[in-house]
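Here's the structure, in structure tokens; my notes come after.
Each chain gets a letter, A, B and so on, in the order its sequence line appears, and its residues count up from 1. Only this structure's heavy atoms are used, side chains among them; waters, hydrogens and symmetry mates stay out.
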Amino acid sequence: MRTVTYGQAISEALREEMRRDPAVFVLGEDMGVMGSVFGLTKGFLAEFGASRVIDTPISEAGFTAMAVGAALRGLRPVVEIMYVDFTPVCFDPIANQAAKMRYMTGGQAAVPLVLRAPGGAGRRNAGQHSQSLEALFTHIPGLKVIAPSTPADIKGLLKTAIRDDDPVVCIEHKLLYAAKGQIPDGEHLIPLGRADVKRPGRDVTLVAWSRQVGFALEAAGILAGEGIDAEVVDLRSLVPLDWDTLAASVRKTHRAVIVQEAVRRGGYGAELAAQIGEELFDSLDAPVKRIAGLNVVSPFSPALEDLTYPNPGTIAAGVRETLGRQP
Amino acid sequence: MEYERDFLRHLYRRMVTIRLFEEKVGELFLGGEIPGFVHLYVGEEAIAVGVCAALTDKDYITSTHRGHGHCIAKGAQIGPMMAEIFGKKPGYCKGKGGSMHIADFSVGMLGANGVVGGGYNLAVGAALAAQMRKSGEVAVCFFGDGASNRGTFHEGVNMAAAWKLPAIFVNENNQWASTTPYRTTNNIEDIADRAKGYGIPGVVVDGNDVFAVIEVAKAAVARAREGLGPTLIEAKTYRIKGHFVGDPEKYRTKEEVQKHFTANDPIKNFAQKVIGAGWLKQADLDAIHAEAAREIEQAVAAARQAPYPDDSELYADLYVEGVS
């Protein structure tokens with residue numbers, strides 16, 4: 001095992017897959033000379049050359065569709081959209097082309113494309129650089145969506161996503177890039193669609209993905225001091241969803257609290273809450289609860305931004321409410 | 001310019017097949033046999049056939065919502081096309097795509113597209129793949145005058161030009177963006193003029209003269225294969241049918257349409273030229289016409305009898321690897 005940052009784990013995944021398979025290439029804004037705005041492809045230009053580390057024009061709709069076209073011809077592009085907030089600019093190639101091509105051609109097409117999109121709040125980046133938009137993608141049949149929370153998970157899942165023959169959207173949280181964690185030495189692959197129980201517990205299931213997993217674990221630590229034993233299920237992959245692991249946890253704890261950074265209305269947590277309600281109603285001892293971002297544009301002012309998103313304290317408070325406990 | 005007789009027969013066969021196919025599809029649609037909606041390519045046959053005559057099976061095209069003609073011109077088969085338009089199981093897309101999404105990857109037809117301007121950058125991507133692999137293939141993007149005003153036009157042509165990709169942009173200026181006349185939404189007469197802004201050749205050609213189209217397409221293909229980058233071809237034509245079958249066409253008169261069709265039908269133009277030059281006889285053309293008509297009748301009969309997809313097919317091909 002080694003300790004690396006989440007950002008380094010992404011770099012390792014990309015570099016290893018590019019070394020393994022000449023069909024893999026990366027493209028996006030400022031990927032080459034700059035090594036991407038978050039420094040994830042530093043050194044790639046020297047190693048792989050400009051034809052596989054493509055500095056694109058600021059043409060998200062154009063280069064994302066170009067990547068779809070290259071994928072249709074059997075290449076394996078890994079597109080970076082500098083901020084997930086910009087994916088609405090190129091939603092047609094994602095939602096109407098990549099996602100639908102295989103189905104609409106009766107299986108003639110495969111689109112082995114990965115679209116990496118840094119998202120998330122907490123950096124005082126205001127409304128157009130802070131969103132969590134995973135629900136836009138989970139809503140579109142034909143896409144797969146991952147949102148890993150640790151260096152080991154992002155490395156293993158991103159490598160698998162690059163080898164996957166379907167289009168995969170990889171949601172990365174900007175405030176995770178510097179987060180450190182242990183990763184296994186050597187080849188490390190994690191299948192899509194497998195959740196990971198990051199903390200076992202008996203009293204309540206906390207469901208989270210991406211940066212909120214860390215907050216859920218912190219909340220679980222606080223609650224442990226109060227005699228509440230929370231289980232933290234890190235979904236890691238939203239589509240496909242590891243329903244079996246999630247359902248087993250809820251059947252055991254009888255309570256589900258879903259934590260998402262995205263705004264509450266229409267988020268992926270709403271889908272999870274509905275599924276738990278439909279499938280596991282008899283197992284539940286309390287209503288399914290969502291701890292989520294508020295239904296508001298992400299504010300710039302630190303004073304307001306901090307009010308907008310979940311944190312370990314608000315997550316712990318939500319769990320107490322679900323359990324009917326006083327703090 | 002002299003052409004081989006077999007090549008001339010091939011051109012006529014493809015153009016007449018498109019014409020008869022489209023007329024038949026229109027008739028079947030109005031008869032209630034075809035679900036959804038259909039957009040016909042009548043009167044624009046010389047563009048697809050002329051351009052595809054300059055390509056090989058190894059080259060690629062992306063198409064539009066008005067895509068039947070491009071499919072036939074690239075060598076797709078009539079039977080699975082008709083079955084697809086009927087929504088039947090033996091269709092090219094197993095009945096899951098329909099008229100606007102027919103694709104035949106085996107002949108380099110990467111798909112019609114329901115999004116206007118959606119095809120540019122798919123073609124640019126196919127061209128990028130060709131360049132990366134040094135395969136010598138070229139990718140052609142067909143698009144209409146309406147699509148020329150999508151931002152994706154700029155993004156795609158700019159990238160292809162900047163990187164000298166083997167892409168060819170073929171504009172079919174049929175004068176109508178759905179129901180809106182070209183000149184009411186554009187300040188220039190020729191879309192080809194925009195090529196200057198990208199530093200690539202821009203060529204205007206009579207889109208109803210298949211021979212003229214072949215020559216400009218050949219030059220563009222040669223340029224692309226040599227690694228010199230894209231060409232923007234603007235083929236002037238006129239949309240004879242409505243935007244879709246059933247379009248009330250309140251934006252123009254029947255007389256205007258008839259005037260264009262009588263004066264400048266690409267198939268009549270072809271016949272006059274080849275008979276006038278003594279290259280083919282009327283009897284040759286009649287025989288080809290009859291052969292194409294028979295093939296289409298057979299395709300219709302087969303499509304009518306073909307089964308719809310099984311219920312079990314609903315989720316098939318949504319993913320390569322299963323997601324429940």
Side-chain angles (χ1 to χ4, degrees), chain A residues 22-23 25 27 50-52 54 56-75 77 89-90 92-93 95-113 141-145 164-168 191-193 237 239-241 243, chain B residues 60 62 84 89 91-98 100-106 110-111 113-115 117-133 135 137 139 150-160 162-163 165 309 313 315-324:
Chain A
F25 68 104
L27 69 162
S51 70
R52 292 179 69 200
I54 300 178
T56 64
I58 301 175
S59 302
E60 287 86 354
F63 69 71
T64 304
M66 179 180 78
V68 176
L72 286 175
R73 294 293 313 117
L75 296 183
V89 171
C90 53
D92 178 63
N96 288 328
Q97 311 295 341
K100 294 180 172 54
M101 205 57 86
R102 183 171 185 79
Y103 192 82
M104 289 199 310
T105 62
Q108 291 183 64
V111 186
L113 168 99
L143 297 178
K144 294 175 176 174
V145 184
D164 197 288
D165 285 330
D166 290 313
V168 181
L192 304 190
S237 163
V239 180
L241 171 67
W243 173 250
Chain B
Y60 301 96
T62 64
E84 186 59 36
K89 190 173 179 171
Y92 263 121
C93 311
K94 303 178 188 168
K96 291 172 173 177
M100 275 194 300
H101 303 292
I102 302 178
D104 181 356
F105 280 38
S106 71
L110 297 180
N113 210 302
V115 177
Y120 294 117
N121 292 290
L122 302 179
V124 171
L128 179 77
Q131 187 187 64
M132 286 173 78
R133 289 174 167 144
S135 66
E137 303 152 348
R150 282 290 314 279
T152 48
F153 170 86
H154 167 70
E155 298 194 359
V157 178
N158 178 58
M159 287 191 293
W163 297 330
L165 299 180
E313 281 285 302
Y315 285 100
D317 298 320
L318 185 54
Y319 294 94
V320 177
E321 288 167 46
V323 174
S324 58

- Message: Please identify, among B/I102, B/V115, B/T152, the residue contributing the most non-hydrogen atom pairs under 4.5 Å to chain A.
- Response: B/V115

- Where on B/Q131 is there a heavy atom nearer than 4.5 Å to chain A: the side chain, the backbone, both, or neither? neither

- Message: Just verifying a value: how many Å separate A/M101 CE and B/L122 CG, rounded to the nearest 0.5 Å?
- Response: 5.0 Å

- Task: Output the distance between atom CZ (A/R102) and atom NZ (B/K96), rounded to the nearest 0.5 Å.
- Result: 9.5 Å

- Is any side-chain heavy atom of A/R73 less than 4.5 Å from a side-chain heavy atom of B/L128? no

- Using non-hydrogen atoms and a 4.5 Å limit, figure out which bit of B/A316 sits close to chain A: side chain, backbone, both or neither. backbone

- With a 4.5 angstrom heavy-atom cut-off, which part of B/F153 approaches chain A: side chain, backbone, both or neither? neither

- Query: By a 4.5 Å heavy-atom criterion (distance strictly below it), what part of A/A71 contacts chain B: side chain, backbone, both, or neither?
  - Reply: neither

- Note on the structure: Minimal heavy-atom distance between A/G62 and B/M159, with the atoms involved, is C-CE, 3.3 Å

- Note on the structure: Note: A/T105 and B/A103 closest approach over all heavy atoms is CG2-CB, 3.8 Å

- Note on the structure: Answer key: most heavy-atom pairs under 4.5 Å with chain B among A/A99, A/G106, A/P93 is A/G106

- Between B/M132, B/E137, B/E313, which residue shows the highest count of heavy-atom pairs closer than 4.5 Å to chain A? B/M132

- Part of A/D165 lying under 4.5 Å from any heavy atom of chain B: both

- Under 4.5 Å, counting heavy-atom pairs only, tell me which of A/G69, A/A67, A/A23 racks up the most with chain B. A/G69

- Note on the structure: Among B/A162, B/A129, B/G119, the residue with the most heavy-atom pairs under 4.5 Å to chain A is B/A129

- Give, as side chain, backbone, both or neither, the part of A/F63 having an atom under 4.5 angstrom from any heavy atom of chain B. both

- Query: Closest approach of A/D166 and B/V320, non-hydrogen atoms and distance?
  - Reply: OD1-N, 2.7 Å

- Query: What pair of heavy atoms forms the shortest contact from A/A109 to B/F105, and how long is it?
  - Reply: CB-CZ, 3.6 Å

- Least distance between heavy atoms, B/Y319 atom then A/G142 atom: OH-N, 3.0 Å

- Is it the backbone or the side chain of B/D104 that comes under 4.5 Å from a heavy atom of chain A, or both, or neither? both

- Message: Working note: B/Y60 + A/L72, criterion side chain to side chain contact (heavy atoms under 4.5 Å, CB included); need CA distance, chi angles, decisive distance, verdict.
- Response: CA-CA 11 Å; B/Y60 301 96; A/L72 286 175; over 6 Å; no

- Can you tell me how far CG of A/D92 sits from CG of B/N121, rounded to the nearest 0.5 angstrom? 10.0 Å

- Given that the side chain runs from C-beta out, which part of A/L192 has a heavy atom under 4.5 Å from chain B: side chain, backbone, both or neither? neither

- Note on the structure: Bottom line for A/Q108: the part with an atom under 4.5 Å from chain B's heavy atoms is both

